[in-house]
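Taking it in order: structure first as structure tokens, then the write-up.
If you read the sequence from its start, that first residue is 1, and numbering goes on from there. Atoms considered below: every heavy atom in the structure, side chains included; atoms not considered: hydrogens, waters and symmetry mates.
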Amino acid sequence: MAKGYGLPPGAEENRVLVRSRLDEIAAGDGPRETFTVDWRGTPEHLEVVQVPVGNLYYNPATHRIRAQSSHDPKRAEMLADDPWSTDSQAYLDHLLQALPADPTRTDPEFDELVASLKEYGQTEPGLITHEGVLVNGNTRRAALTQLYGPNQAMRVAVLPPSCGWQDIAAVELSLQLRKEHRRDYSYINRLLAVQELVEQGTPLAVIATTFRTTTDRCRQDQWVLARIESLIERSEAAGERLSLVAFEEQAEKFRELHRAYNKQYAANPEKAELLLENRLAAMLLGFAKTDVRFIDHDFRDRYLTKVLPANEAPAEASASVAIPGLGRAVKGPSLALSAAKALTDAVLRARTLSQSGSTAPQEVTTDAQKKITSFRTAMDEAISDAGREARIKKRKQAAPARLADAGRDIELCVTDLVMSRASQSLDEEAFDDAVTDLRQKLEKLAIEAKRTVRQPGDGVTWLLEALGKAH
């Protein structure tokens with residue numbers, strides 16, 4: 001079930017106003033504007049009326065700023081306690097205008113919306129309940145208020161009087177996912193919307209259809225959100241934590257991480273966890289996905305440990321885990337995995353203490369910033385070493401891979417010869433020319449192989465002897 005937020009203080013006044021506007025439309029004989037929504041599984045054509053923006057309330061349950069609401073813990077707590085207060089509504093107004101990945105800055109898309117409304121006016125109606133709660137059009141209300149003040153009329157369609165919070169959540173989501181809707185949910189808010197539907201018991205197949213995606217992508221979204229929530233818990237330091245906003249711009253990195261993790265997990269779960277922790281540390285330090293790709297399960301042991309300052313290398317944890325109430329211990333994570341997790345935790349805590357708005361003492365914040373710089377310098381050097389080795393390995397594998405591809409082409413050629421013999425369709429002159437060209441290329445290959453391969457095996461020895469290049 002969707003969480004309820006009660007009614008705003010102006011609910012009764014808005015009911016009277018909305019009812020009177022609907023009655024005026026019903027009594028008139030002029031053209032009537034309607035707006036169609038998916039209402040409890042069927043299309044519903046709703047009447048559109050005009051209501052002053054000052055009478056309307058931002059929806060505290062909107063998915064659009066769900067993640068961003070945790071940006072300021074104190075105001076987030078105030079919003080949870082009393083979503084209809086002046087301060088809470090002002091906080092929602094601020095978040096609706098803010099950049100999803102950085103709520104301290106105004107979103108350029110909001111500025112574009114303001115400019116559009118100023119030049120062209122409101123082209124599509126919003127959507128409200130009889131009590132004046134905006135289900136769709138929250139951002140437009142913020143823009144109209146900024147442009148013209150609280151007395152500006154806003155065109156809004158009105159949902160049926162029986163509308164509850166479950167209906168509000170369902171209708172908002174269905175409108176957001178319409179193809180013509182231009183402003184998408186931010187990455188984290190999309191993850192939260194998927195998880196909300198899962199918790200309501202909606203089958204993954206239905207969720208996938210709703211979001212126009214696949215069930216595998218929905219499972220990936222669940223996995224990513226679970227990882228992010230775990231990271232937030234692990235980031236706690238001095239009574240503070242990272243917020244969901246800290247992960248808004250990591251979408252592609254998390255998707256690649258999920259694919260790499262699953263591939264490794266199928267072969268070795270322990271190595272998959274090592275890969276996960278190693279890559280998370282790099283992602284938290286702000287490295288690009290092209291850099292993160294060089295990080296594998298053995299990255300810490302092969303590259304990072306030797307460049308990580310000794311006084312900043314986290315101590316390795318115990319390799320046993322106690323079972324509460326039984327007085328027994330079982331084998332826990334390996335020492336390598338414990339050390340990798342400890343490094344990720346150290347980066348998380350440093351990020352928390354150095355984030356904007358931290359209430360930690362200045363000396364603590366400064367120390368955390370120094371740690372971030374130190375970790376990043378070591379990670380950068382380690383990634384450079386890993387990348388250099390990967391490029392060398394790729395060059396070593398290039399020639400064998402190309403020859404293997406040529407071998408597969410020859411196998412296909414054999415099949416084509418068999419088929420052409422049955423139909424007597426072979427162009428023998430063209431085939432002979434192609435074989436001559438192949439021999440010339442094989443001779444070049446043999447010459448270069450003789451110069452390059454120091455200890456020829458059976459294959460190279462045959463090539464050299466077959467083409468007269470053995471001596």
Side-chain angles (χ1 to χ4, degrees), residues 223-244 246-247 250 253-254 257-258 260-261 264-265 268-287 291-324 329-355 358 360 363-386:
W223 183 90
V224 170
L225 183 59
R227 299 288 82 72
I228 290 174
E229 289 174 340
S230 173
L231 289 172
I232 289 174
E233 288 183 9
R234 292 165 62 182
S235 72
E236 185 165 353
E240 299 179 356
R241 292 182 175 185
L242 290 177
S243 70
L244 288 165
F247 304 92
Q250 305 272 22
K253 296 177 194 176
F254 271 116
L257 176 61
H258 177 255
Y261 176 85
Q264 183 67 72
Y265 192 88
N268 189 314
E270 174 84 5
K271 290 181 179 179
E273 294 298 326
L274 279 167
L275 179 145
L276 175 69
E277 293 297 329
N278 289 336
R279 290 198 176 188
L280 284 174
M283 289 165 58
L284 289 163
L285 289 168
F287 285 90
D291 293 325
V292 175
R293 288 172 187 161
F294 292 125
I295 298 177
D296 210 339
H297 65 90
D298 56 355
F299 174 78
R300 176 185 171 86
D301 290 338
R302 293 183 63 185
Y303 308 106
L304 186 58
T305 300
K306 62 184 179 182
V307 294
L308 196 64
N311 62 330
E312 294 183 354
E316 297 180 342
S318 170
S320 63
V321 177
I323 302 177
V330 296
K331 184 179 179 181
S334 67
L335 292 176
L337 180 54
S338 296
K341 286 185 174 181
L343 174 62
T344 305
D345 289 344
V347 175
L348 282 165
R349 289 191 292 269
R351 280 282 307 271
T352 297
L353 295 172
S354 62
Q355 67 183 334
S358 174
E363 60 271 19
V364 174
T365 300
T366 301
D367 183 60
Q369 291 171 342
K370 289 180 179 178
K371 284 187 176 181
I372 289 289
T373 301
S374 178
F375 285 141
R376 183 172 173 80
T377 300
M379 184 70 72
D380 186 42
E381 185 174 345
I383 288 176
S384 296
D385 290 344

Partners meeting side chain to side chain donor-acceptor pair (under 3.5 Å) with [X] (sequence neighbours left out):
| X | value |
| --- | --- |
| Gln355 | none |
| Thr373 | none |
| Lys253 | Gln250 |
| Arg349 | none |

**Study point:** Under the salt bridge (charged side-chain N to carboxylate O under 4.0 Å, His left out) test, residues paired with Asp385 that sit two or more places apart
**Key:** Arg388
Review point. Is it true that a side-chain atom of Ser358 and a backbone atom of Ser354 form a donor plus acceptor pair closer than 3.5 Å?
Key: no
**Study point:** Check: Glu270 main-chain N/O paired with Asn268 side-chain donor or acceptor under 3.5 Å
**Key:** yes
**Study point:** Selection residues 373-382 - residue pairs positive for salt bridge (Lys or Arg N to Asp or Glu O under 4.0 Å), sequence neighbours left out
**Key:** none
Point to revise | Sequence neighbours excluded, every pair satisfying salt bridge (Lys or Arg N to Asp or Glu O under 4.0 Å) that has a member inside residues 223-235 | key: Arg234-Glu277, Arg234-Asp345
Which heavy atom in [X] sits nearest to a heavy atom in [Y], and how many Å separate them?
| X | Y | value |
| --- | --- | --- |
| Ala272 | Tyr261 | O-CD1, 3.3 Å |
| Ala368 | Ala350 | CB-O, 3.6 Å |
| Ala378 | Val307 | O-CG2, 3.3 Å |
| Asp296 | Gln264 | OD1-OE1, 4.0 Å |
| Leu353 | Ala238 | CD2-CB, 3.9 Å |
| Ala360 | Thr365 | O-OG1, 3.6 Å |

What residues form a ring-ring contact (aromatic ring centres under 6.0 Å, His included) with [X], not counting sequence neighbours?
| X | answer |
| --- | --- |
| Phe247 | none |
| Tyr303 | Phe299 |
| Phe287 | none |

Point to revise | Beyond-backbone contact of Leu284 with Phe375, side-chain heavy atoms, under 4.5 angstrom | key: no
Exercise for review: May I ask you to test the Leu343-Leu304 pair for a side-chain heavy-atom distance under 4.5 Å?
Suggested key: yes
Check your understanding: How would you list, by chain and number, every residue that makes a side-chain contact (heavy atoms from CB on, under 4.5 Å) with Ala260, sequence neighbours excluded?
Key -> Leu275, Arg279
**Study point:** Partner set under side-chain contact (heavy atoms from CB on, under 4.5 Å) for Ser235, not counting sequence neighbours
**Key:** Arg241, Leu242, Leu348, Thr352
What's the spacing between [X] [atom1] and [Y] [atom2] if we round to 0.5 Å?
| X | Y | atom1 | atom2 | value |
| --- | --- | --- | --- | --- |
| Arg351 | Thr344 | CZ | OG1 | 12.5 Å |
| Leu231 | Leu244 | CG | CG | 11.0 Å |
| Leu274 | Ser338 | CG | OG | 9.5 Å |
| Arg302 | His297 | CZ | NE2 | 8.5 Å |

